[in-house]
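In what follows, a structure is listed as structure tokens, so that the remarks can point back to it.
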2 protein chains.
Amino acid sequence: MPDSAIRPRKEFGKTIAADITHRLREEIVTCGLAPGEPLRFDVLRERFGASFTTLREALTALAAEGLVDAQEQRGFRVAPVSRQDLVEVTDARVLIEVELIRRAIQKGDDDWEIAVISTLHRLKRIEQRDPEHPLRDPEWKIAHRQFHQALVSACGSATLLAIRAELFDRAERYRHLSANFRPRPRDKAGEHQAIMQAAISRNADLAVPLIETHIRTTADNVAKYAGHLLETE
Amino acid sequence: MPDSAIRPRKEFGKTIAADITHRLREEIVTCGLAPGEPLRFDVLRERFGASFTTLREALTALAAEGLVDAQEQRGFRVAPVSRQDLVEVTDARVLIEVELIRRAIQKGDDDWEIAVISTLHRLKRIEQRDPEHPLRDPEWKIAHRQFHQALVSACGSATLLAIRAELFDRAERYRHLSANFRPRPRDKAGEHQAIMQAAISRNADLAVPLIETHIRTTADNVAKYAGHLLETE
DNA sequence: CGGACTCTGATTTTCGAAAATAGTAGCGAT
DNA sequence: ATCGCTACTATTTTCGAAAATCAGAGTCCG
């Protein structure tokens, strides 16, 4: 019987390193650790309660994902943000996500349809609770991620899904960056509903432009409302 | 004045960890470490002369690249190969490389043209030396990589270039896997020449199908001549 | 005989001390 | 005053011992 006294941490993985990786990724994506911020071992050690080596392993993994910038012999820092990077991430997401939605629409079975419908349903329920600030609600964030994940999950390529997931995280960081400055959320609920319907009715030619617009509009809003944060670096 | 007595290793990076990562990647890509082979720390420690922790960091980084398979609490192993994985890597490469060659052809400047021409020239020179077994020549391998890298280098997206590089390595491992069983190399030189000419003359509609065929033919040959190695897992 | 349990040896995972390196301030010479 | 050198401090990077975990053999009981 595992109990919390014996197993004080490790919520998201069997090893402490995997757990720290998960928690650090979360902090970086939500901008709890600011872009460009140096990641000093003393500080991390105190915050996460792990040793140098374990932290180093987590940071190395996140560096490979593009969320952390490793400067050899000079430590790590949160990957900086920039207009250029936002454009690249957005472009890459469109390229890959569009292809994946096509494949998923072609290959998806009943379970796929159920996953798409049910994840959207949950997302809408959460939005009803707090329609003003969805991004600040961690549950909304998870549900939103799961809906988009479900949409492409039937594409048949674990390789492309992994790449997609990395790009999604990098984009989500920009969304969080602008969340505090955005005056009012746009009608994301309607967009999600339209995407779901196009997908379920197997209308790829409709779903593709909807997805593309969805991604690009989000990025445009980031550039519009958080542009002042993207200048340096 | 740096000398080799003071700095015994670290050929490819400022830190030992980065160096080990590089060397391990090389060994895995060239199948010096066989697919699926367990990576035990005692063995690696002896082979690479680094400590547990440093090795662990390198393995973690390679796991994020898809060349190593991390089994939590049960160590690491070289990522297994499979028909499915080969198909996924090939598909992903076509999707991304085709897009990048389009962008490079549109954006490439004089320096890009020079890089494409000169890397192809070097590749051809090396092929003249040993026309029979190019893949066994490490110099050919490097030149080949650099030619393909040069072709897309002007695409303007560091993000997509990094993804492309990872997929290239994963594909190269399959090429090495089949190299020992392939009866005779096909006319790669001619294909490279045609791709170069299409690119330099800015004929994207010609270059794209050439690249796609180039990638798919390579993968087909792997499946044909190394198919017996792809069954398990 | 079979299933659950425990013990044991092998292996991975984690830790903090020790070594290596970068950054900085102080000093002296031109 | 400026440049170059040196010593010092802050920080990262590496190491091997110690703890945790797993896999397999053996044991006990139903």
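Naming: A, B, ... by sequence-line order, numbering from 1 per chain.
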Rounded distance in Å - [atom1] ([X]) to [atom2] ([N]):
{"X": "A:Arg40", "N": "C:dT21", "atom1": "CZ", "atom2": "P", "answer": "20 Å"}
{"X": "A:Phe76", "N": "C:dA22", "atom1": "CZ", "atom2": "P", "answer": "15 Å"}
{"X": "B:Phe41", "N": "D:dC22", "atom1": "CZ", "atom2": "P", "answer": "15 Å"}
{"X": "B:Asp19", "N": "C:dA20", "atom1": "CG", "atom2": "P", "answer": "17 Å"}
{"X": "B:Leu59", "N": "C:dT13", "atom1": "CG", "atom2": "P", "answer": "10 Å"}
{"X": "A:Glu72", "N": "C:dA22", "atom1": "CD", "atom2": "C1'", "answer": "14 Å"}
{"X": "B:Leu39", "N": "C:dT11", "atom1": "CG", "atom2": "C1'", "answer": "14 Å"}
{"X": "B:Gln71", "N": "C:dT11", "atom1": "CD", "atom2": "C1'", "answer": "13 Å"}

Run B:Glu26 and B:Arg23 through salt bridge (charged side-chain N to carboxylate O under 4.0 Å, His left out) and show every step you take. CA-CA 5 Å; B:Glu26 216 49 29; B:Arg23 286 165 56 193; over 6 Å; no

Got a sec, which residues hit salt bridge (charged side-chain N to carboxylate O under 4.0 Å, His left out) with B:Glu166, two or more places apart in sequence or on another chain?
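Residues passing salt bridge (charged side-chain N to carboxylate O under 4.0 Å, His left out) with B:Glu166: none at all.
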
For this session: Write out all pairs satisfying salt bridge (Lys or Arg N to Asp or Glu O under 4.0 Å) with one or both partners inside residues 40-52 of chain A, taking only residues at least two apart or from two chains.
Result: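 Salt bridge (Lys or Arg N to Asp or Glu O under 4.0 Å) check on residues 40-52 of chain A returns A:Glu27-A:Arg47.
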
Quiz item: Going by the salt bridge (Lys or Arg N to Asp or Glu O under 4.0 Å) test, which pairs reach into residues 152-165 of chain B, not counting sequence neighbours?
Solution: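 Output for this query lists B:Glu97-B:Arg164.
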
**Message:** Just to verify, what does A:Glu113 make a side-chain hydrogen bond (donor to acceptor under 3.5 Å, both in side chains) with, not counting sequence neighbours?
**Reply:**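 Testing A:Glu113 for side-chain hydrogen bond (donor to acceptor under 3.5 Å, both in side chains), a comparison that skips the adjacent residues, returns A:Arg202.
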
### Query
Taking for each residue the nucleotide of DNA chain C bearing the nearest heavy atom, is the 5' side occupied by A:Arg74 or by A:Glu57?
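On the 5' side of the pair lies A:Glu57.
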
Minimum-distance pair of heavy atoms, taken over all atoms of A:Gly156 and B:Gln84: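 Shortest heavy-atom separation between A:Gly156 and B:Gln84 comes out as O-NE2, 3.4 Å.
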
Is the phosphate of [N] approached by [X] (side-chain N or O, under 4.0 Å from OP1 or OP2)?
{"X": "A:Thr54", "N": "C:dT13", "answer": "no"}
{"X": "A:Arg56", "N": "D:dT12", "answer": "no"}
{"X": "B:Lys14", "N": "C:dA22", "answer": "yes"}

Partner residues of A:His214 under the ring-ring contact (aromatic ring centres under 6.0 Å, His included) criterion, sequence neighbours left out: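 Partners of A:His214 under the ring-ring contact (aromatic ring centres under 6.0 Å, His included) test: A:His148, A:His192.
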
Between D:dT12, D:dC22, C:dT14, which one does the side chain of A:Thr15 approach most closely?
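Side chain of A:Thr15 sits closest to C:dT14.
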
Next item on the list: Name the closest nucleotide to the A:Asp42 side chain, picking from C:dA22, D:dT14, D:dT12.
Entry: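 Looking only at side-chain atoms, A:Asp42 lies closest to D:dT12.
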
Within the sub-3.5 Å range, which N or O atoms of nucleotides 16-18 of chain D have a protein N or O partner, and how far apart are they?
unit_1: D:dG16; atom_1: OP2; unit_2: B:Arg45; atom_2: NH2; d: 3.4
unit_1: D:dG16; atom_1: O6; unit_2: B:Thr53; atom_2: OG1; d: 2.6

